[in-house]
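Here the structure is laid out as structure tokens; the discussion comes afterwards.
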Amino acid sequence: MDRTNTSSPSDFIRDIINEDVKAGKHQSRVATRFPPEPNGYPHIGHAKSVCLNFGIAAQYGGTCNLRLDDTDPSGESMEYVESIIRDVKWLGFDWQDRLYYASDYYETLYRYALELIRAGKAYICDLSGDEIREYRGTLTQPGKESPYRNRSVEKNLALFEGMRVGEFDEGSRVLRAKIDMASPNVTMRDPIMYRIKKVSHYRTRDGWCIYPMYDFAHCLSDSIEKITHSICTLEFENNRPLYDWFLQELHIDPRPQQIEFARLNLSYTVLRKRQLVELVEKGVVGGWDDPQMPTLSGMRRRGYTPAAIRNFCERIGVSKNDSLIDMALLENCVREDLNDKAPRVMAVLRPLRVVIDNYPQDRVEEFDCAYHPKHTEMGSRKVPFSRVLYIEQEDFLENPPKKFFRLSVGREVRLRYGYFIKCESVVKHPHTGEVIEVHCTYDPETRSGFAPDNRKVDATIHWVSAAHSLPAQARLYDRLFRIADPLSASDDFTTYLDPKSLEVLNACRVEPSLAGASQGNHFQFERLGYFCVDTDNSSAKALVFNRTVTLRDTWAKIAEKGNALKR
Ligand code: ATP
Ligand code: MG
């Protein structure tokens with residue numbers, strides 16, 4: 001890749017890398033990694049990190065590894081590993097043969113720990129968890145040294161071996177680094193390196209009952225893989241001196257460099273795995289791939305595209321300041337991509353029957369309709385037109401207000417791709433009084449969509465032929481939460497779930513060309529929004545469409561009116 005490519009993004013991380021490359025650090029090599037813990041499905045925040053790490057590797061002609069950072073057996077599973085592999089691939093990135101597991105390094109990490117014990121830099125501590133916390137001190141008070149801090153190397157080696165073979169109970173002992181209990185950085189006050197956990201690991205099974213802590217495992221995993229720039233989120237800033245300490249004490253040179261950036265926070269959703277696990281476990285959503293979830297599998301099922309997500313990640317950029325990114329930005333990236341890629345078809349979500357009284361009973365015309373006004377290469381399909389149609393209920397009003405330009409008795413509108421029709425009368429339900437059928441006449445001279453006498457209509461509405469259309473279900477997804485930042489409030493964040501974030505419509509009718517739609521296909525339903533064929537529940541017999549996003553940002557309008565919370 002061209003390193004001088006001016007269209008490549010620039011940011012403070014790339015500035016650091018530019019300097020390192022210029023200075024010949026690591027022989028000017030650039031190696032990054034994306035290190036998820038397999039304890040949940042990846043979400044849009046992870047996508048930011050994926051795009052950053054793989055993007056940098058590509059830009060500098062380097063490599064990016066996929067590393068499963070699986071050092072805590074509780075909550076980790078193969079299902080999560082598979083979701084990570086699937087989703088990073090789907091985003092469009094390739095780690096070639098560099099798929100690694102931190103759990104493959106357990107033996108090496110254990111040997112590094114022995115080395116630190118031998119050097120007098122680590123010791124076995126028998127304080128309880130509570131005592132360790134108490135001894136640690138606070139931001140304003142120095143810590144207190146553990147009474148076990150000065151055990152002999154021999155004793156420490158013997159106890160550590162005992163920990164490894166399972167002689168001791170969980171919580172009875174830990175291995176700690178011997179650094180400085182008075183350090184102003186609390187992280188440096190003899191941090192824990194290993195703890196006993198008698199829990200089976202999804203890969204190593206019962207091979208280990210001691211597990212390394214993140215701070216110890218991460219820097220060494222990076223150095224084992226010869227990572228040059230270890231990019232992580234801001235909450236690890238205080239851990240950087242510890243990252244460096246382990247590498248320095250183990251005489252590792254050259255050392256990978258940890259660089260922190262601000263994690264993605266997105267409005268109207270939550271992005272911490274803990275919260276996502278809660279939504280799944282409480283059954284608030286239908287699973288990790290529920291289209292309302294901010295997970296990549298949820299977004300894929302909803303119809304978001306990898307290109308839209310990559311574009312979003314590029315636009316938000318990287319910085320050192322935490323912020324809340326507006327969901328509208330992501331939705332706009334999705335619209336932009338689908339605007340170009342999605343074929344346009346007609347579907348009626350809430351059907352109202354229209355009978356064209358002056359159209360012959362058994363006549364059927366076929367209109368040739370282009371799939372995209374700009375992209376002729378997308379071709380066209382035939383859309384049947386007949387005497388009985390369905391239109392959208394909201395395109396007809398019995399008592400229209402002044403600015404309603406669609407159908408009402410006495411008014412004329414254009415049917416998309418076809419004739420002008422004029423409403424003559426309505427049929428009402430004998431009991432409810434609801435309009436159940438609209439009677440119209442059509443003007444045969446307006447087949448082109450224009451009238452020979454140049455008369456104008458104010459609206460064009462979509463439709464399907466009643467006899468030819470197919471039944472379908474539409475799932476109208478909206479944002480998961482009612483407020484922009486559900487975590488900022490004092491109540492439990494689930495209080496702010498929006499009960500209207502999903503509306504299911506079962507009586508939809510779609511044009512017959514959709515009979516051949518496959519799972520995952522994207523469409524624009526004209527005037528309604530972008531929809532995607534559901535990958536779980538849709539079949540040729542029972543079509544199910546997920547609304548990916550509306551055509552316009554309706555939330556912006558609501559916010560303008562200042563009643564976003566009251567929706
Ligand atoms: P959580 O805080 O939700 O538990 P995590 O950061 O522990 O997530 P990991 O699986 O450890 O999740 O994350 C893998 C990588 O993705 C890490 O490098 C992490 O910094 C990055 N990452 C996680 N969440 C975000 C986010 N919201 N924005 C940017 N990067 C993120
Ligand atoms: Mg983590």
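Keep in mind the model is a prediction, meaning the values are calculated, not measured. When a ligand or atom number is given, it counts from 1 through the structure's own listing order.
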Checking side-chain polar atoms at under 3.5 Å, does [X] have a donor or acceptor matched by the opposite partner on [Y]?
| X | Y | result |
| --- | --- | --- |
| S501 | D478 | no |
| T187 | N238 | no |
| Y496 | D491 | yes |

List ligand 1 atoms under 4.0 Å from [X], heavy atoms only on the residue side.
| X | value |
| --- | --- |
| P35 | 14 (C), 18 (O) |
| F261 | 29 (C), 30 (N) |
| E37 | 9 (P), 10 (O), 11 (O) |
| L271 | 3 (O) |

Does ligand 1 come near enough to [X] that some N or O of the ligand is less than 3.5 Å from an N or O of the residue?
| X | result |
| --- | --- |
| A262 | no |
| N39 | no |
| R274 | no |
| T233 | yes |
| P36 | no |
| R263 | yes |
| E235 | no |

**ring pair (Phe, Tyr, Trp, His ring centres under 6.0 Å) pairs, two or more places apart, involving residues 237-256** =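 Sorted result for residues 237-256: F216-F246.
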Do [X] and [Y] come close enough that some side-chain heavy atom pair is under 4.5 Å?
| X | Y | answer |
| --- | --- | --- |
| R14 | P9 | yes |
| M213 | V174 | no |
| D20 | T228 | no |

**Request:** Using non-hydrogen atoms of the residue, decide whether F236 is closer than 4.0 angstrom to ligand 1.
**Result:**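 No; F236 lies far enough from ligand 1 that no heavy-atom distance drops under 4.0 Å.
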**Prompt:** What do you reckon, does H43 put a non-hydrogen atom under 4.0 Å from ligand 1?
**Reply:**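 Contact check H43 vs ligand 1: positive.
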**Request:** Provide the full list of salt bridge (Lys or Arg N to Asp or Glu O under 4.0 Å) pairs with a residue in residues 74-100, sequence neighbours left out, each pair given once.
**Result:**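 Qualifying pairs: D87-R300.
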**Prompt:** Can a cation-pi geometry be assigned to K197 and Y211, taking NZ or CZ under 6.0 Å from the six-membered ring centre and within 45° of the ring axis?
**Reply:**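 Here K197 fails the 6.0 Å and 45° test against Y211.
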